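Heads up: the structure comes next, in structure tokens.
This is a predicted model, so every value here is computed, not measured.
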Amino acid sequence: MLAVEASLRAEGERQIKEGDVVIVYERHDRMKAVIVARNGELQNRFGVFPHNEWIGKPFGCRVVGKKGGGFVFLLAPTPELWTLVLPHRTQILYVADISFVISFLELRPGSVMLESGTGSGSLTHSLARAVAPSGHVHTFDFHEQRALAAKQEFERNGIGHLVTVTMRDIQGQGFPEEFVGGQADAVFLDLPQPWLAIPSVASSLRCDGGICSFSPCIEQVQRTCEALTIPEFTDIRTFEVLVRTYEVRQEFLQTTLQCSTQFASDCLLKPPPQKRQRPQKGRTVTKKAERETRPVIAKPYPDTKGHTGYLTFARRST
């Protein structure tokens with residue numbers, strides 16, 4: 001996922017060039033995608049960052065801002081990072097659902113993938129990486145402006161040769177005739193009424209190929225499963241992927257090794273008190289030693305996201 005084609009770069013070269021898309025990383029929940037431009041600059045709470053100073057530096061480097069003294073990291077764009085920073089034109093799929101889809105559809109290099117609809121392109125980037133370098137993703141969206149915006153992003157992010165964007169209403173028109181006869185290895189549907197596209201999927205999917213339909217409501221799942229109960233499909237299953245994220249940080253504890261006020265509500269057992277060790281004469285406690293005495297704790301985020309949607313899978317049987 002680089003703006004410059006890999007064939008134009010020296011082998012193993014990962015230096016930032018003008019026109020590259022760079023993920024500016026402040027912290028795990030604060031990132032931004034920036035297109036590197038000559039004489040451009042980025043301003044944030046850490047200072048001013050001229051783009052000219054980024055050019056020639058390796059991806060992953062740390063740069064210090066002017067008039068602020070703070071720093072950020074310049075990361076190479078990946079499908080996972082792009083999902084966190086992309087402009088939302090529609091509701092998107094996140095890493096947990098995306099990885100599940102790619103695994104269950106058995107996508108690999110050389111696969112031909114049909115996707116409807118394109119939306120914001122979050123899933124499309126991961127699909128393109130999974131089928132590269134010899135496969136292809138054909139993605140469809142009925143909304144012209146969304147389709148054009150997604151196509152521009154695919155080109156800018158360096159995956160345009162792996163993705164073909166077409167404006168088409170799959171619910172009403174089905175997939176193009178060029179795929180009739182089992183030309184697709186897998187199909188993904190993210191539609192309000194996915195059951196309307198099932199007959200077209202049956203004619204486009206190869207034998208033993210997989211279909212996945214993403215729906216936020218269980219009523220949509222029920223109607224989709226009913227549409228899949230035809231001789232052409234088997235192994236119908238629905239999943240709900242739930243993820244629980246943990247926060248990992250160093251927590252300062254009192255000298256008695258009891259839990260601090262902030263962490264006390266999360267502790268069930270407290271370690272027994274220990275005697276406080278007095279520093280020997282002539283010795284001072286350095287900041288490094290103080291940091292080493294702070295244990296690392298992990299606890300779940302209080303605002304962990306729950307339900308995102310249901311994933312319904314089936315396999316072409318005949």
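- Across all their heavy atoms, Val101 and Cys212 have their closest contact at CG2-SG, 3.9 Å.
- Clustering ILVMFWY residues whenever any of their side-chain heavy atoms sit less than 4.5 angstrom apart, transitively, puts Ile211 in a cluster other than the one holding Phe104.
- Within the 4.5 Å cutoff, no side-chain heavy atoms of Val137 are placed close to those of Leu114.
- Atom CD of Gln222 sits about 10.5 Å away from atom CH2 of Trp195, to the nearest 0.5 Å.
- At least one side-chain heavy atom of Val201 sits less than 4.5 Å from a side-chain heavy atom of Phe175.
- For the pair Ser116 and Thr139, the minimum side-chain heavy-atom distance is 4.5 Å or more.
- Under a hydrophobic clustering in which Ile, Leu, Val, Met, Phe, Trp and Tyr are joined whenever their side-chain heavy atoms come within less than 4.5 Å, directly or via other members, Tyr25 and Val64 fall into the same cluster.
- Within 6.0 Å of the CD atom in Gln91, the count of heavy atoms belonging to other residues, nucleotides or ligands does not exceed 12.
- How far NZ of Lys57 is from CD of Gln15: 10.5 Å, rounded to the nearest 0.5 Å.
- Judged purely by atom type and a 3.5 angstrom limit, Ser99 uses its side chain to pair as donor or acceptor with the backbone of Val95.
- Gln171 CD to Ile198 CD1: the interatomic distance, rounded to the nearest 0.5 Å, is 11.0 Å.
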Show your reasoning for whether side chain to side chain contact (heavy atoms under 4.5 Å, CB included) applies to Cys217 and Val221. CA-CA 7 Å; Cys217 302; Val221 174; over 6 Å; no
Steps toward side chain to side chain contact (heavy atoms under 4.5 Å, CB included) verdict (Met31, Val24): CA-CA 6 Å; Met31 289 174 277; Val24 179; over 6 Å; no
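- Between the side chain of Gln220 and the backbone N or O of Pro192 there is at least one donor-acceptor pair closer than 3.5 Å.
- To the nearest 0.5 Å, atom CG of residue Asp190 and atom CG of residue Leu93 are 6.0 Å apart.
- Between His125 and Phe154, the ring planes are perpendicular. Angles over 60° get that label, and only those under 30° would be called parallel.
- Transitive grouping of hydrophobic side chains (ILVMFWY, heavy atoms separated by less than 4.5 Å) brings Ile23 and Ile92 into a common cluster.
- In this structure, the ring of Phe71 has its center less than 6.0 angstrom from the ring center of Phe73.
- The heavy-atom pair separating Val112 from Asp185 by the smallest distance is N-OD2, 2.7 Å.
- Panel note: side chain Ser111, backbone Leu107; no donor-acceptor pair is recorded below 3.5 Å.
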Between Thr124 and Glu115, does the side-chain hydrogen bond (donor to acceptor under 3.5 Å, both in side chains) criterion hold? Intermediate values first, please. CA-CA 8 Å; Thr124 315; Glu115 179 196 19; 2.7 Å; yes
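- Without hydrogens or angle criteria, Thr78 side chain to Leu81 main chain gives a donor-acceptor distance under 3.5 Å.
- Cluster membership check: Phe59 shares its hydrophobic cluster with Ile55, using side-chain heavy-atom separations under 4.5 Å among Ile, Leu, Val, Met, Phe, Trp and Tyr.
- When all heavy atoms of Ser120 and Glu153 are compared, the pair lying nearest together is O-OE1, 3.8 Å.
- The OG1 atom of Thr118 sits 12.0 Å away from the NE2 atom of His138 when rounded to the nearest 0.5 Å.
- Counting only residues at least two apart or in different chains, ring pair (Phe, Tyr, Trp, His ring centres under 6.0 Å) contacts with residues 28-57 comprise His51-Trp54.
- Of all the heavy atoms in Gly117 and Asp141, the pair that sits closest is C-OD2, 4.0 Å.
- Taking 4.0 Å as the cut-off between side-chain N and carboxylate O, Glu18 and Arg38 count as a salt-bridged pair.
- Judged purely by distance below 3.5 Å, without hydrogens or angles, the side chains of Ser317 and Thr234 never pair a donor atom with an acceptor atom.
- In this structure the side chain of Glu144 never reaches within 4.5 angstrom of the side chain of Arg146, judged on heavy atoms.
- Under the 30°/60° scheme for interplanar angles, the aromatic rings of Phe313 and Phe100 are found to be tilted.
- Look at Glu106 and Arg315 and you find a salt bridge, because one of the NZ, NE, NH1 or NH2 atoms lies within 4.0 Å of a carboxylate O, short of that distance.
- Taking 4.5 Å as the limit, every side-chain heavy atom of Val48 sits out of range of all side-chain heavy atoms of Leu42.
- For the atom pair CD (Glu240) and CG (Leu311), the distance works out to 9.5 Å, reported to the nearest 0.5 Å.
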Output, in order, the C-alpha distance, side-chain angles, deciding distance and verdict of side chain to side chain contact (heavy atoms under 4.5 Å, CB included) for Val165 and Val163. CA-CA 6 Å; Val165 184; Val163 181; 4.1 Å; yes
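- Side-chain contact between Phe214 and Phe188 is present, with at least one heavy-atom pair separated by less than 4.5 Å.
- Using a 4.5 Å cut-off on side-chain heavy atoms (C-beta onward), Ile35 and Asp20 make no contact.
- In this structure, Phe140 and Asp169 have side chains that are not in contact, with every pair of non-hydrogen atoms separated by 4.5 Å or more.
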Could you check Gln43 against Glu41 for side-chain hydrogen bond (donor to acceptor under 3.5 Å, both in side chains), going step by step and ending with a plain yes or no? CA-CA 7 Å; Gln43 298 185 21; Glu41 66 177 21; 2.8 Å; yes
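- Contact record, Gly119 with Ala150: O-CB, 4.4 Å, taken as the closest heavy-atom pair.
- Scanning all heavy atoms of the two residues, the minimum distance from Gln173 to Arg168 falls at O-NH2, 3.5 Å.
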Yes or no on side-chain hydrogen bond (donor to acceptor under 3.5 Å, both in side chains) for Thr312 and Ser213, after CA distance, side-chain angles and deciding distance? CA-CA 5 Å; Thr312 300; Ser213 175; 5.6 Å; no
Would Leu75 and Val22 satisfy side chain to side chain contact (heavy atoms under 4.5 Å, CB included), going step by step from the backbone distance to the final call? CA-CA 6 Å; Leu75 306 182; Val22 174; over 6 Å; no
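- When the side chains of ILVMFWY residues are joined at heavy-atom separations under 4.5 Å, either directly or via intervening members, Leu123 and Phe142 end up in two distinct hydrophobic clusters.
- Between Arg45 and Glu26, at least one side-chain N (NZ, or NE/NH1/NH2) sits under 4.0 Å from a carboxylate O, which counts as a salt bridge.
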